[in-house]
Amino acid sequence: MEPIKVQSEGGLNVTLTIRLLMHGKEVGSIIGKKGETVKKMREDSGARINISEGNCPERIVTITGPTDAIFKAFAMIAYKFEEDIINSMSNSPATSKPPVTLRLVVPASQCGSLIGKGGSKIKEMRESTGAQVQVAGDMLPNSTERAVTISGAPEAIIQCVKQICVVMLEAYTIQGQYAIPHPDLSKLHQLAMQQTPFTPLGQTTPAFPAAGLDASNQASTHELTIPNDLIGCIIGRQGTKINEIRQMSGAQIKIANAMEGSSERQITITGSPANISLAQYLINARFRDVAAMWNDPTSMTTS
């Protein structure tokens with residue numbers, strides 16, 4: 001369950017999730033007749049492409065996979081939208097071709113990194129890619145996320161998405177990785193959205209410090225509160241998941257017994273700051289993985 005893998009040539013090959021907000025007509029175009037278009041996009045790109053259920057006017061399209069697969073999927077979507085524009089123009093008197101427009105859903109906490117100091121980053125993106133990029137001032141309804149609108153030629157959009165992915169990786173946390181339309185999962189979503197300090201991207205694997213080397217490795221304690229109905233996904237079948245987290249993090253993790261009348265359980269993590277940080281990361285990553293399974297029931301396996 002390592003989200004970061006390092007390729008032999010030294011480049012990062014990271015599994016990412018990017019979400020798009022689409023109108024019904026756009027979703028119909030991506031799905032195609034009998035689902036053929038989206039099936040082909042999945043096969044050709046290697047990315048997982050999931051479309052939220054429901055009859056609401058706007059749907060969320062979630063694209064997950066290694067960065068290369070994500071860029072291929074984006075390219076296919078951008079070119080499909082351009083094809084739709086060209087087809088609609090053949091029946092209209094308009095002479096100038098409107099740009100392709102995609103709307104990304106980005107955690108509000110990462111929007112500052114996208115904009116940059118005094119708007120420097122967003123300006124650099126516009127100039128280097130030729131795409132128009134706008135970050136919404138307000139959050140999306142009932143959400144902690146904002147829409148980032150990218151407009152331009154498909155090539156410009158793809159370059160722009162690459163740059164946005166880089167920015168998101170630089171500020172890599174596990175927050176906001178998945179959209180969960182299932183209403184009963186709001187607590188799970190909240191936990192998966194928690195920010196956790198983690199190893200800088202420059203390191204290939206989390207550091208596993210040897211105890212007692214210096215003062216920073218002195219044992220300390222951190223407590224988490226988890227809803228009762230979600231504790232099972234942390235413990236895993238016969239304790240497999242919690243043992244895996246203990247082993248990988250090097251931290252001691254104790255789960256308090258359920259208190260009568262309480263809907264929550266206390267988790268106590270003991271170890272060096274690095275051990276605690278890694279344990280928190282792995283716990284949050286577990287919530288994220290379970291949330292992803294709920295988001296895509298076809299991928300559900302017993303874990």
Side-chain angles (χ1 to χ4, degrees), residues 14-106 114 122 124-136 140 145-168 178-179 181 295-296 298-299:
V14 185
T15 300
L16 265 184
T17 295
I18 305 283
R19 283 161 302 150
L20 292 166
L21 200 56
M22 287 191 192
H23 297 299
K25 195 177 174 184
E26 294 170 324
V27 171
S29 171
I30 294 301
I31 294 171
K33 276 184 189 165
K34 296 181 182 173
E36 283 169 13
T37 307
V38 74
K39 188 183 174 205
K40 185 164 170 43
M41 283 180 178
R42 285 176 180 137
E43 286 169 359
D44 292 355
S45 69
R48 271 172 49 191
I49 303 170
N50 299 316
I51 297 158
S52 67
E53 296 295 326
N55 300 318
C56 49
E58 295 194 309
R59 311 265 286 277
I60 287 187
V61 176
T62 308
I63 305 170
T64 305
T67 43
D68 286 354
I70 284 180
F71 300 149
K72 281 179 196 166
F74 263 95
M76 288 171 198
I77 290 170
Y79 283 116
K80 181 72 181 82
F81 283 179
E82 186 181 52
E83 190 185 302
D84 295 343
I85 289 167
I86 291 164
N87 289 341
S88 68
M89 281 181 69
S90 62
N91 305 321
S92 97
T95 51
S96 62
K97 188 172 73 172
V100 172
T101 300
L102 296 181
R103 287 177 299 159
L104 274 61
V105 179
V106 176
L114 284 181
I122 203 163
E124 182 193 315
M125 275 188 209
R126 288 174 184 143
E127 288 173 357
S128 63
T129 66
Q132 276 303 311
V133 193
Q134 299 291 337
V135 177
L140 291 162
E145 293 163 310
R146 295 185 188 182
V148 175
T149 305
I150 311 170
S151 299
E155 297 81 4
I157 285 175
I158 298 154
Q159 288 309 314
C160 196
V161 167
K162 285 185 181 180
Q163 292 200 20
I164 287 171
C165 286
V166 168
V167 172
M168 289 172 86
Y178 291 92
N295 199 32
D296 178 20
T298 58
S299 73

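These numbers come from a predicted model, not from an experiment.
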- List the steps, then state whether side chain to side chain contact (heavy atoms under 4.5 Å, CB included) holds for I51 with I31. CA-CA 9 Å; I51 297 158; I31 294 171; 3.6 Å; yes
- Take E155 and Y79 through the side chain to side chain contact (heavy atoms under 4.5 Å, CB included) test and state the conclusion after the steps. CA-CA 9 Å; E155 297 81 4; Y79 283 116; 3.0 Å; yes
- Query: What do the steps show when you test F74 against L102 for side chain to side chain contact (heavy atoms under 4.5 Å, CB included), and what is the final call?
  - Reply: CA-CA 9 Å; F74 263 95; L102 296 181; 3.7 Å; yes
- Message: Set out, in order, the CA-CA distance, both residues' side-chain angles and the distance that settles side chain to side chain contact (heavy atoms under 4.5 Å, CB included) for H23 and R103, then state yes or no.
- Response: CA-CA 10 Å; H23 297 299; R103 287 177 299 159; 3.3 Å; yes
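Applying the salt bridge (Lys or Arg N to Asp or Glu O under 4.0 Å) criterion to K40, with sequence neighbours excluded, gives D44.
Atom CG in L140 sits 6.0 Å away from atom CG in L21 (nearest 0.5 Å). The line from NZ of K72 to CD1 of I158 is 12.5 Å long, rounded to the nearest 0.5 Å. Remark: E43 CD to I49 CD1 distance equals 10.5 Å, nearest 0.5 Å. Residue L20 holds its CG atom at 12.0 Å from CD of E58, rounded to the nearest 0.5 Å. Summarising the geometry, atom CG belonging to L16 is positioned 11.0 Å from atom CG belonging to D68; distances are rounded to the nearest 0.5 Å.
None of T64, T62, V106 except one satisfies the side chain to side chain contact (heavy atoms under 4.5 Å, CB included) rule with R19; the exception is T62.
The two residues T101 and F81 have their closest heavy-atom pair at O-CD1, 4.0 Å. Across all non-hydrogen atoms, the minimal contact from A136 to R146 is O-CD, 3.1 Å. Among all heavy-atom pairs drawn from I30 and T37, the shortest one is O-CB, 3.2 Å. The two residues G152 and P99 have their closest heavy-atom pair at N-CB, 3.6 Å. Considering all non-hydrogen atoms of both residues, E82 and P154 come closest at OE2-CD, 3.5 Å. Scanning all heavy atoms of the two residues, the minimum distance from A78 to I157 falls at CB-CG2, 4.5 Å.
Between M76 and S45, some side-chain heavy-atom pair lies under the 4.5 Å cut-off. Side chains of V133 and L114 form no contact here, defined as non-hydrogen atoms less than 4.5 Å apart. Between Q134 and R126, some side-chain heavy-atom pair lies under the 4.5 Å cut-off. Looking at V161 and I18, their side chains never come closer than 4.5 Å, going by heavy atoms from C-beta outward. Two residues are said to be in side-chain contact when any heavy atoms from C-beta on lie closer than 4.5 Å; T129 and I150 fail this criterion. Counting heavy atoms from C-beta on, the side chains of M89 and P98 come closer than 4.5 Å.
Remark: the backbone N or O of I60 is paired with a side-chain donor or acceptor of S52 at under 3.5 angstrom.
For the residue pair Q163/S128, the side-chain donor-acceptor check at 3.5 Å is satisfied.
Salt-bridge annotation for K80 and D84: present, with a side-chain N of the basic residue lying under 4.0 Å from a carboxylate O of the acidic one.
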